[in-house]
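These notes are about the structure you will find just below.
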Amino acid sequence: MATNRTFTMIKPDAVAAGHAGAILKQIQEAGFKIIAMKLTKLSPEKAGEFYAVHKERPFYGELVAFMSSGPIVAAVLEKEKAVKDFRKLIGATNPADAKPGTIRALYAKSIGENAVHGADSNKNAAIEGSFHFSAVEMVG
Ligand code: UDP
Ligand code: MG
């Protein structure tokens with residue numbers, strides 16, 4: 001995946017609350033182009049695999065249960081400095097620390113149920129994008 005791309009998921013809390021449309025609108029208005037997208041649901045096994053990097057963290061079990069609890073929207077986004085700018089747009093992991101106007105400040109319920117995922121590096125954006133999409137599904 002090109003380095004001007006990032007990977008996101010709208011998490012089960014935000015999809016269930018009906019915020020997916022508003023979040024996608026905010027993402028597009030911030031200048032990100034959607035080049036792949038789908039509504040999907042992770043099995044506990046797939047969620048565990050996706051978050052394997054956090055396996056040793058105390059919240060891993062809870063995170064896997066939450067991320068497999070309902071539908072998510074997975075997407076690959078394109079913009080200059082996509083990874084950096086998207087992390088800025090979503091705000092801090094804990095919504096209590098997220099800057100006003102960021103997606104997590106607006107929609108996250110807690111540090112765990114925090115509305116959106118954003119890749120943290122170009123390398124992980126590529127790995128995570130390929131986890132959900134094949135090359136032919138990326139139309140940008
Ligand atoms: N998480 C949690 N408790 C914590 C920290 C993180 O449940 O104390 C969850 C939360 O959903 C977070 C995800 O684990 O988005 C991944 O954590 P990370 O530190 O990578 O935060 P992010 O990159 O999503 O801001
Ligand atoms: Mg992270």
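We count residues from 1, following the sequence as given. Order of listing sets the numbers, starting from 1, for every ligand and every atom in it.
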Which residues pass the side-chain contact (heavy atoms from CB on, under 4.5 Å) test with Ala22, sequence neighbours left out?
->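 Residues passing side-chain contact (heavy atoms from CB on, under 4.5 Å) with Ala22: Tyr107.
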Contact (N/O only, under 3.5 Å) between [X] and ligand 1:
X: Arg87; result: yes
X: Gly112; result: yes
X: Tyr51; result: no

Is Lys79 positioned over the aromatic face of Phe32, cation under 6.0 angstrom from the ring centre and no more than 45 degrees off axis?
->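 Yes; both conditions hold, so Lys79 lies above the ring face of Phe32.
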Does ligand 1 have an atom that lies less than 4.0 angstrom from a heavy atom of His54?
->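 Contact present.
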Does Arg104 have a non-hydrogen atom less than 4.0 Å from ligand 1?
->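 The answer is yes: ligand 1 sits under 4.0 Å from a heavy atom of Arg104.
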Lys88, NZ: over 12 other non-hydrogen atoms inside 6.0 angstrom |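 Not buried by this count: 12 neighbours or fewer within 6.0 Å.
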At under 4.0 Å between heavy atoms, which part of Lys11 makes contact with ligand 1: side chain, backbone, both or neither?
->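 It is the side chain that gets close, since no backbone atom is under 4.0 Å.
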For ligand 1, which part of Ile111 has a heavy atom less than 4.0 Å away: the side chain, the backbone, both, or neither?
->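 It is both backbone and side chain that touch ligand 1.
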Quick one: CG on Leu77 to CG on Leu89, what's the gap to the nearest 0.5 Å?
->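 Going from the CG atom of Leu77 to the CG atom of Leu89 covers 9.5 Å.
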Side-chain touch Lys11/Glu113, heavy atoms, less than 4.5 angstrom |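 SC-SC contact between Lys11 and Glu113 ruled out.
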